[in-house]
Amino acid sequence: MTITASAADPLTSDEAAADDYRHRSARLRAAPPAEAAEELAQLSAAVRRDILTTIRTAGMGHVGGDLSVTDLLVTALWGTLELHPEDPAHPQRDRFVLSKGHCAAALYSTLASCGFFPRARLRDFMAPLSPLNGHPARLKVPGVETNTGPLGHGFPVATGCALGAQLRGETWRTLVVLGDGELQEGSNWEAAMTAAHHGLANLTAVVDRNRLQQGARTEDTKTLEPLADKWAAFGWEVRVIDGHDHRAIKEAYGRSTTGRPVAVIANTVKGKGVSFMEDRVEWHHKVPTAEQVQQALQELPR
């Protein structure tokens with residue numbers, strides 16, 4: 001493969017898209033969940049289209065998990081958190097961490113929709129020397145708070161972010177999205193205990209509960225249920241929702257009502273939106289053909 005200078009160029013914000021995001025996101029954050037839901041659904045459909053074409057172009061990726069987590073990411077970045085694409089290191093920004101870092105195509109497509117970098121750069125996904133690696137890198141991609149990929153790492157970092165805000169008396173929030181199979185890593189439960197012990201009400205952990213992981217169902221690999229009871233036993237405020245219902249997601253992303261950290265268990269479908277991918281374990285990291293991408297694009301709303 002030929003290495004092009006453009007693929008290796010650093011990422012910078014898309015000024016027009018960032019300006020649109022600033023105004024549109026402020027409106028969506030302030031809007032009641034019922035009013036914001038339709039627009040968030042439209043944004044999610046556009047992100048799903050970008051995910052499909054991005055993975056097809058790269059010939060690599062984790063399309064099933066990307067599609068299951070899309071609604072959760074879009075509602076977080078567009079409808080919940082206050083971010084600054086034109087100034088990604090803004091000290092008062094909310095923090096977002098994708099702990100299931102292998103779903104980088106979903107994160108990059110959502111960040112591009114917000115204006116952190118031009119959407120055209122998605123074609124560089126996984127190209128040699130591209131900053132858009134298969135796993136997000138903090139020093140290469142604006143909007144990425146920490147490197148993720150090894151499962152069980154992002155949640156502890158997010159817990160540290162929330163603790164730092166608490167110690168400094170800051171009001172910004174931290175939201176982290178985890179895979180359900182990722183919960184088999186013990187470091188997550190150490191982080192959960194720590195967050196509850198310190199009363200990190202500024203922390204929200206979201207579980208992408210699609211019930212599939214690489215090669216098998218989660219419950220066949222290592223039983224997670226009763227998952228809500230486990231989070232509650234660790235001292236968290238637990239909210240169980242449909243992870244594709246934008247109104248329910250936005251409501252669940254609301255601040256803690258108990259002074260405890262919030263765990264959102266979002267029931268999702270791997271490969272959501274594409275009939276031949278939905279709830280099929282082989283689409284964990286299978287790459288669609290050009291014909292399959294066209295079929296998928298036809299199925300997604302516009």
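Start at 1 with the first residue, then count along the sequence.
- His90 is linked by a ring-ring contact (aromatic ring centres under 6.0 Å, His included) to His84, counting only residues two or more places apart in sequence or in another chain.
- Nearest heavy-atom pair, Thr223 versus Lys230, reported as atom, atom and distance to 0.1 Å: O-NZ, 3.6 Å.
- Interatomic distance, Thr148 OG1 to Leu178 CG, rounded to the nearest 0.5 Å: 10.5 Å.
- Distance check: Arg217 CZ to Asp279 CG gives 4.0 Å after rounding to the nearest 0.5 Å.
- Here the straight-line distance linking atom CZ of Arg123 with atom OG1 of Thr53 works out to 11.5 Å at 0.5 Å rounding.
- One finds no salt bridge joining Asp208 and Lys270 here, because no Lys/Arg side-chain nitrogen approaches an Asp/Glu carboxylate oxygen to under 4.0 Å.
- Within a 6.0 Å radius of NE2 in His197, no more than 12 heavy atoms belonging to other residues, nucleotides or ligands are found.
- Pro301 and Arg49 get closest at one heavy-atom pair: O-NH1, 2.6 Å.
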Going through the distances and angles, do Glu182 and Ser99 end up as a side-chain hydrogen bond (donor to acceptor under 3.5 Å, both in side chains)?
CA-CA 9 Å; Glu182 182 179 8; Ser99 194; 2.5 Å; yes
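- A side-chain donor-acceptor contact under 3.5 Å links Arg239 to the backbone of Ala252.
- Remark: Ser25 OG to Leu77 CG distance equals 8.5 Å, nearest 0.5 Å.
- Figure legend: Arg93 and Trp172 shown without cation-pi pairing, the cationic atom not lying both under 6.0 angstrom from the six-membered ring centre and within 45 degrees of its axis.
- In this structure, Asp50 pairs ionically with Arg119, as a charged nitrogen and a carboxylate oxygen lie closer than 4.0 Å.
- Within a 6.0 Å sphere centred on CD of Glu282, heavy atoms belonging to other residues, nucleotides or ligands number more than 12.
- The aromatic rings of Tyr108 and Phe125 lie perpendicular to each other, with more than 60° between the two planes, well past the 30° mark.
- Between Val141 and Pro136, every side-chain heavy-atom pair lies at or beyond the 4.5 Å cut-off.
- Within a 6.0 Å sphere centred on CD of Glu219, heavy atoms belonging to other residues, nucleotides or ligands number more than 12.
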Arg209 and Thr268: side-chain hydrogen bond (donor to acceptor under 3.5 Å, both in side chains), yes or no, with the steps?
CA-CA 6 Å; Arg209 186 70 169 116; Thr268 61; over 6 Å; no
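- For His284 and His102, the gap between ring centers is short of 6.0 Å.
- With respect to the salt-bridge test (charged N to carboxylate O, under 4.0 angstrom), the residues Arg173 and Glu82 do not qualify.
- Side-chain polar atoms of Arg211 and Asn267 form a donor-acceptor pair below 3.5 angstrom.
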Report the C-alpha distance between Asp71 and His246 in whole Å, list the side-chain angles of each, state the deciding distance to 0.1 Å, and finish with yes or no for side-chain hydrogen bond (donor to acceptor under 3.5 Å, both in side chains).
CA-CA 7 Å; Asp71 300 312; His246 293 84; 3.0 Å; yes
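- Ser109 OG to Ile55 CD1: the interatomic distance, rounded to the nearest 0.5 Å, is 8.0 Å.
- Minimum interatomic distance between Ala137 and Asn133 (heavy atoms only, all atoms of both residues): CB-ND2, 4.1 Å.
- Residues Ile51 and Asp66 approach most closely at CG2-CB, 3.7 Å, considering heavy atoms.
- Under the 3.5 Å distance criterion, with hydrogens and angles disregarded, a donor-acceptor pair is assigned to the side chains of Glu299 and Ser275.
- The two atoms that bring Pro261 and Gly235 nearest to each other are CD-O, 4.2 Å, heavy atoms only.
- Salt-bridge formation is detected for the pair Asp124/Arg121: a Lys NZ or Arg NE/NH1/NH2 atom is positioned less than 4.0 Å from an Asp or Glu carboxylate oxygen.
- Between atom CZ of residue Arg56 and atom CG of residue Leu52 there is a gap of 11.5 Å, rounded to the nearest 0.5 Å.
- Side-chain N/O atoms of Trp78 and Ser113 include a donor and acceptor closer than 3.5 Å.
- With no hydrogens or angles considered, a side-chain donor-acceptor pair links Ser256 and Glu237 at under 3.5 Å.
- Other residues, nucleotides and ligands contribute more than 12 heavy atoms inside 6.0 Å of the CZ atom of Arg27.
- The two residues Ala228 and Val240 have their closest heavy-atom pair at CB-CG2, 4.0 Å.
- With hydrogens and angles disregarded, a donor-acceptor distance shorter than 3.5 Å links the side chain of Gln166 to the backbone of His198.
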